[in-house]
**Student:** 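Before I ask anything, let me first share the structure, which is written out below as structure tokens.
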Amino acid sequence: MELSRLKVNNQYCPCVDEMPYFSWGITSKKQNVMQKSYHITVTGAEGLVWDSGVVESDASVFVEYKGKPFQSFSDYLWTVTATDNTGDTATATSSFETGFMKREWSAQWVRSPFAMKKARKGNGGQNPAEYFRKEFVVRQGVKRARVYATCHGAYQLSINGNRADNRELAPECMVLLKSNGDFPLAAPEKVALYGSGARRTILGKR
């Protein structure tokens, strides 16, 4: 018996900003095998934050976290041990990190200086993608950096002209923070939106 496909919020090693849920898969060379129980622990720099205990259940998806509140901008390890109906047991570990758990956004609001036209139905009826760019200087001694970004729609993020990840149509999901459709965009990192007929905007102080 083996455990695989360990995911948090249906993603591998993601960055989360809300209480997560876990999922995993089991494989076995035996027939008619199903999970009988699971045991999850989550640890961070502050120590153990959740111990589910042994839960008699065949659930292996959408298992909700029920531990202590997470610290923002922190790394966590989670371990799941599953036992099947034949008595076999397997253990696997994965990780995730946290973002703005307390909504500590300090970013500026940025908008295109170009007037947006009302979109028309069909291909070619939408406004062109915008290109947002911001330069910044990296000081010596930086060991790790993280960009927190979102937008109203979809975006591609690049650093020095190189894609920061391989996601398409990011963000895959978003939380509406304001009823008028405004979203925060993390600054001062360089954020680029690409698309057919993209226009370019240099971000400055507002």
**Student:** Side-chain donor-acceptor pairs under 3.5 Å in residues 36-47, sequence neighbours left out?
**Tutor:**
| unit_1 | atom_1 | unit_2 | atom_2 | d |
| --- | --- | --- | --- | --- |
| His39 | NE2 | Asp51 | OD1 | 2.6 |
| Glu46 | OE2 | Tyr76 | OH | 2.7 |

**Student:** What side-chain donor-acceptor pairs closer than 3.5 Å can you find for residues 67-75, not counting sequence neighbours?
**Tutor:**
| unit_1 | atom_1 | unit_2 | atom_2 | d |
| --- | --- | --- | --- | --- |
| Ser72 | OG | Met101 | N | 3.2 |
| Ser72 | OG | Glu104 | OE1 | 3.4 |
| Ser72 | OG | Glu104 | OE2 | 2.6 |
| Ser74 | OG | Ser72 | O | 3.0 |
| Asp75 | OD1 | Arg144 | NH1 | 3.4 |
| Asp75 | OD1 | Arg144 | NH2 | 3.2 |
| Asp75 | OD2 | Arg144 | NH1 | 2.8 |

**Student:** Counting distance only, does the side-chain N/O of Asp84 pair as donor-acceptor with the main-chain N or O of Gln35 below 3.5 Å?
**Tutor:** no
**Student:** If two hydrophobic side chains count as joined below 4.5 Å and joins carry through other members, does Leu48 share a cluster with Val63?
**Tutor:**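 Different clusters.
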**Student:** Does any part of the side chain of Phe96, heavy atoms only, come nearer than 4.5 Å to the side chain of Gln11, both counted from C-beta?
**Tutor:**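 Contact flag for Gln11/Phe96 side chains = no.
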**Student:** Do the side chains of Glu130 and Phe114 get nearer than 4.5 Å, heavy atoms only?
**Tutor:** yes
**Student:** Would the number of heavy atoms belonging to other residues, nucleotides or ligands and lying under 6.0 Å from CD of Glu56 be above 12?
**Tutor:** yes
**Student:** Filter on salt bridge (Lys or Arg N to Asp or Glu O under 4.0 Å), then keep only pairs touching residues 23-34, sequence neighbours left out; what's left?
**Tutor:** Lys30-Asp88
**Student:** When rounded to the nearest 0.5 angstrom, what is the spacing between CE in Met34 and CD1 in Ile26?
**Tutor:** 8.0 Å
**Student:** So do Val33 and Asn85 actually touch side chain to side chain, heavy atoms under 4.5 Å?
**Tutor:** yes
**Student:** Would you mind reporting whether Thr81 and Thr89 have side-chain heavy atoms less than 4.5 Å apart?
**Tutor:**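 Yes, side chains in contact.
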**Student:** Between Val8 and Val16, is there a side-chain heavy-atom distance shorter than 4.5 Å?
**Tutor:**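 Contact flag for Val16/Val8 side chains = yes.
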**Student:** If the condition is side chain to side chain contact (heavy atoms under 4.5 Å, CB included), which residues does Val138 pass it with, not counting sequence neighbours?
**Tutor:**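 Once residues adjacent in sequence are excluded, the partners of Val138 under the side chain to side chain contact (heavy atoms under 4.5 Å, CB included) criterion are Phe136, Val142.
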**Student:** Give me the other members of the hydrophobic cluster that Phe62 sits in, counting Ile, Leu, Val, Met, Phe, Trp and Tyr linked by side-chain heavy atoms under 4.5 Å, directly or via other members.
**Tutor:**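 In the cluster with Phe62 are Tyr21, Val61.
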**Student:** My understanding is that only residues two or more places apart in sequence, or in another chain, count here; which of them pass side chain to side chain donor-acceptor pair (under 3.5 Å) with Thr27?
**Tutor:**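 With neighbours one apart ignored, the set is empty.
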**Student:** State which residues pass side chain to side chain donor-acceptor pair (under 3.5 Å) with Trp50; sequence neighbours excluded, sorted by chain then number.
**Tutor:** none
**Student:** Among all residues two or more places apart in sequence or in another chain, which pass the side chain to side chain donor-acceptor pair (under 3.5 Å) test with Asp165?
**Tutor:**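 Only Arg167 meet the side chain to side chain donor-acceptor pair (under 3.5 Å) criterion with Asp165.
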**Student:** Would you call Lys66 and Met19 a side-chain contact if the rule is heavy atoms closer than 4.5 Å?
**Tutor:** no
**Student:** What residue pairs, at least two apart or across chains, pass salt bridge (Lys or Arg N to Asp or Glu O under 4.0 Å) with a residue in residues 147-159?
**Tutor:**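 Those involving residues 147-159 do not exist here.
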**Student:** What's the shortest heavy-atom distance between Ala90 and Glu2, and which atoms?
**Tutor:** CB-CA, 4.1 Å
**Student:** Could you grab the distance from atom OG of Ser60 to atom CZ of Arg5, nearest 0.5 Å is fine?
**Tutor:**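 Between atom OG of Ser60 and atom CZ of Arg5 there are 8.5 Å.
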**Student:** Would you check if Trp78 and Ser94 make a side-chain contact, meaning some heavy-atom pair closer than 4.5 Å?
**Tutor:**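 Yes. Closest side-chain heavy atoms under 4.5 Å.
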**Student:** Would you mind listing the cluster partners of Val54? Hydrophobic ones only (ILVMFWY), side-chain contacts under 4.5 Å, chaining allowed.
**Tutor:**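 Its cluster partners, ordered by chain and number, are none at all.
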**Student:** I'd like to know whether Leu157 forms a side-chain contact (heavy atoms from CB on, under 4.5 Å) with Val147, so could you lay out the CA-CA distance, the side-chain angles of the two residues, the decisive distance to 0.1 Å, and finally the verdict.
**Tutor:** CA-CA 9 Å; Leu157 175 67; Val147 176; 3.9 Å; yes
**Student:** To check you understand the geometry: which heavy-atom pair defines the closest contact between Ala82 and Trp24, and what is its length?
**Tutor:**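 That closest heavy-atom pairing would be CB-NE1, 4.3 Å.
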**Student:** Out of curiosity, Leu6 CG to Cys13 SG, how far, rounded to the nearest 0.5 Å?
**Tutor:** 9.0 Å
**Student:** Kindly write out the residues that satisfy side chain to side chain donor-acceptor pair (under 3.5 Å) with Ser57, not counting sequence neighbours, or none if the list is empty.
**Tutor:** none
